[in-house]
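We name chains A, B, ... by the order of the sequence lines, and we start the count at 1 in each one.
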Protein chains: 2
Amino acid sequence: MKPGKRILVVDDEQAMRRLLRASLEPEGYQVLEAASAEAGIREAASQRPELVVLDLGLPDGGGEAVLKRIREWSQVPVLILTVQDADEDKVRLLDLGADDYLTKPFSVPELLARLRVLERHANAGAAEPLLRCGDLEIDLAAHQVKRLGQEIKLTSTEYDFLKVLARHAGKVVTQRQILKEVWGPNSVEHTHYLRIYAAQLRKKLEADPSNPKHILTEPGVGYRLRG
Amino acid sequence: MKPGKRILVVDDEQAMRRLLRASLEPEGYQVLEAASAEAGIREAASQRPELVVLDLGLPDGGGEAVLKRIREWSQVPVLILTVQDADEDKVRLLDLGADDYLTKPFSVPELLARLRVLERHANAGAAEPLLRCGDLEIDLAAHQVKRLGQEIKLTSTEYDFLKVLARHAGKVVTQRQILKEVWGPNSVEHTHYLRIYAAQLRKKLEADPSNPKHILTEPGVGYRLRG
DNA sequence: GCTTTTTTTTACGTTTTCTTTACGCGCCTT
DNA sequence: AAGGCGCGTAAAGAAAACGTAAAAAAAAGC
């Protein structure tokens, strides 16, 4: 028999964590707990659970940030729990990458059934969040970039730029898309930003910045990270 | 523009079908309707929709049977609609293979968001569209062309030219159409562009550029990409 | 409040790509 | 057989896109 799937419960209320543990463990799940948004992100990144149950009502920054951060590198199924019942919230969260949404109070059997549905779906692409490109390691989960095992310090804009490329590693990302994702939809015309930050990234993580092996230019189209 | 995803609505109430059609068509879905369980099964089998919205409150045998029958041969995402709110029902339906469950009255934006989630899951495992023409591979998503597995560098215009031919692989594309799609409607007279770029493409992706096997000339008409 | 870091602005040299121009070949018509 | 026509090839000039450096402005850290 396999060891049960690991499921991460992110909730600040101890009572809720206890209830979930009591409900999930008899079903064969191995329950991991996190009591804050920060801890949730950390656990998700380090433990790589097969499922996540996320309470929106977290005190420190809210669960929404957790979902966003997880979705930067992982496709793990996330079920949202919440007390409120606002429509716009549901829609926004689902579009942000949440896979299901339950309002408290919920029925435990329904929760279990919905988790089974998520498990059924989960067999899809389990992408390795640690990207290796030659001498380069990009860990989207840990927000860390290494070259030859040594950590490289990137500014936040540089990291965002690299992140966009890494998420579509091997594929061309259009200038428009990069600008939109890094600088926002209002800056899609400032294509010179791309040249400047491409140069800065190459200076930091290419062996020979004038002969880039990783960050490749596709003239007239965009940039591409060699995978 | 692609034709929208086809979505099958199974519901005996005409008012509900009308509401769903009115909500879904503006989103780009192509709506198929069935007013009974029997019709639902028949439509699902013959039309193979990409999504199914199924009302449980059907008179003839109930929607449960529809779900069971569909699951015998298809993994199409099914979203259940129902008036009742009994826990055991939800659990049973979800375990029977339903992918989501909404109770009436429901909010249309939430329905749409949940349908988007189901679409996301359905597309997760699907490989990207790869156009194959003999030893040639054209990956439209990655903006990349390979020959015998080896990447070929194309300029933006060369790529556009090839893309037009590839979209109608095997068929003749007229000079007019190529010029219009690559250089815009104002350049339909510059037929010499075609000769230049056809030559460049042949130089890059034919084994013997003077004996083209892929990019064939149809004298007086246009060009054709052999499949 | 000042220093340090990061982002944005500005400017210019270089490379790549696109367009223009020119010429050779084969074929059909006259 | 000469000349027009459509196609293929080559190479030059024009234009666009890219890379780099450095200063000004803004933000972050102490």
Q: If we ignore angles and hydrogens, is there a donor and acceptor under 3.5 Å between the side chains of B:Glu119 and B:Tyr29?
A: yes

Q: Are the side chains of A:Leu32 and A:Ile7 in contact, using a 4.5 Å heavy-atom criterion?
A: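 No, side chains not in contact.
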
Q: Roughly what angle, to 10°, lies between the helix axis at the start of the helix from C:dG1-D:dC30 to C:dT17-D:dA14 and the one at its end, five pairs per end?
A: 20°

Q: Which residues pass the side-chain contact (heavy atoms from CB on, under 4.5 Å) test with A:Ile41, sequence neighbours left out?
A: A:Val66, A:Arg69

Q: Kindly determine whether B:Val145 and B:Glu137 satisfy side chain to side chain contact (heavy atoms under 4.5 Å, CB included), including the steps that lead there.
A: CA-CA 6 Å; B:Val145 178; B:Glu137 283 179 23; over 6 Å; no

Q: For the CD atom of A:Gln177 and the OG1 atom of A:Thr174, what is their distance to the nearest 0.5 Å?
A: 5.0 Å

Q: Sequence neighbours left out, what pairs pass salt bridge (Lys or Arg N to Asp or Glu O under 4.0 Å) with at least one residue falling in residues 175-194 of chain A?
A: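 Of all non-adjacent pairs touching residues 175-194 of chain A, those that pass salt bridge (Lys or Arg N to Asp or Glu O under 4.0 Å) are A:Arg167-A:Glu181.
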
Q: When the distance from CZ of A:Phe161 to P of C:dT8 is rounded to whole Å, what number comes out?
A: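 Spelled out: CZ on A:Phe161 to P on C:dT8 is 13 Å.
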
Q: Heavy-atom distance under 4.5 Å between the side chains of B:Val172 and B:Leu216, does that happen here?
A: no

Q: Taking the side chain as every heavy atom from C-beta outward, state whether A:Arg195 and A:Tyr223 have any atom pair closer than 4.5 Å.
A: yes

Q: Is there a side-chain contact between A:Val117 and A:Asp99, using heavy atoms and a 4.5 Å cut-off?
A: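 No, too far: nothing below the 4.5 Å cut-off.
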
Q: Could you work out how much the helix from C:dT19-D:dA12 to C:dT30-D:dA1 bends, comparing the axis of its first five pairs with that of its last five, to 10°?
A: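 That helix has its two terminal axes inclined by roughly 10°.
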
Q: Using modelled atom types only, decide if a donor and an acceptor are shared between the side chain of A:Arg6 and the backbone of A:Arg48 within a distance under 3.5 Å.
A: yes

Q: Quickly, which of B:Phe161, B:Trp183, B:Tyr159 forms a ring pair (Phe, Tyr, Trp, His ring centres under 6.0 Å) with B:Tyr197? Name it, please.
A: B:Trp183

Q: So what does B:Thr191 hit on the nucleic acid, given a heavy-atom distance under 4.0 Å: a base, only sugar-phosphate, or nothing?
A: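 Answer is nothing: B:Thr191 stays at 4.0 Å or more from every strand.
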
Q: Write down the distance between CG (A:Leu194) and C1' (C:dT7), rounded to a whole number of angstrom.
A: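 To the nearest whole Å, that distance equals 14 Å.
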
Q: Give me the first and last nucleotide of DNA chain D, going 5' to 3', that has any atom under 4.0 Å from a heavy atom of chain A.
A: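 It runs D:dA17 to D:dT20.
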
Q: Can you list the steps and then say if A:Arg92 with A:Asp95 is a salt bridge (Lys or Arg N to Asp or Glu O under 4.0 Å)?
A: CA-CA 5 Å; A:Arg92 196 177 67 253; A:Asp95 282 338; over 6 Å; no

Q: Are more than 12 heavy atoms, taken from residues, nucleotides or ligands other than A:Lys146, located less than 6.0 Å from that residue's NZ atom?
A: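 No, NZ of A:Lys146 has 12 or fewer neighbouring heavy atoms, counting only those of other groups under 6.0 Å.
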
Q: Going 5' to 3' along nucleotides 12-21 of chain C, which nucleotides have protein heavy atoms under 4.0 Å from the base (write B), which only from the sugar-phosphate (write S), and which from neither (write -)?
A: -----SSBBB

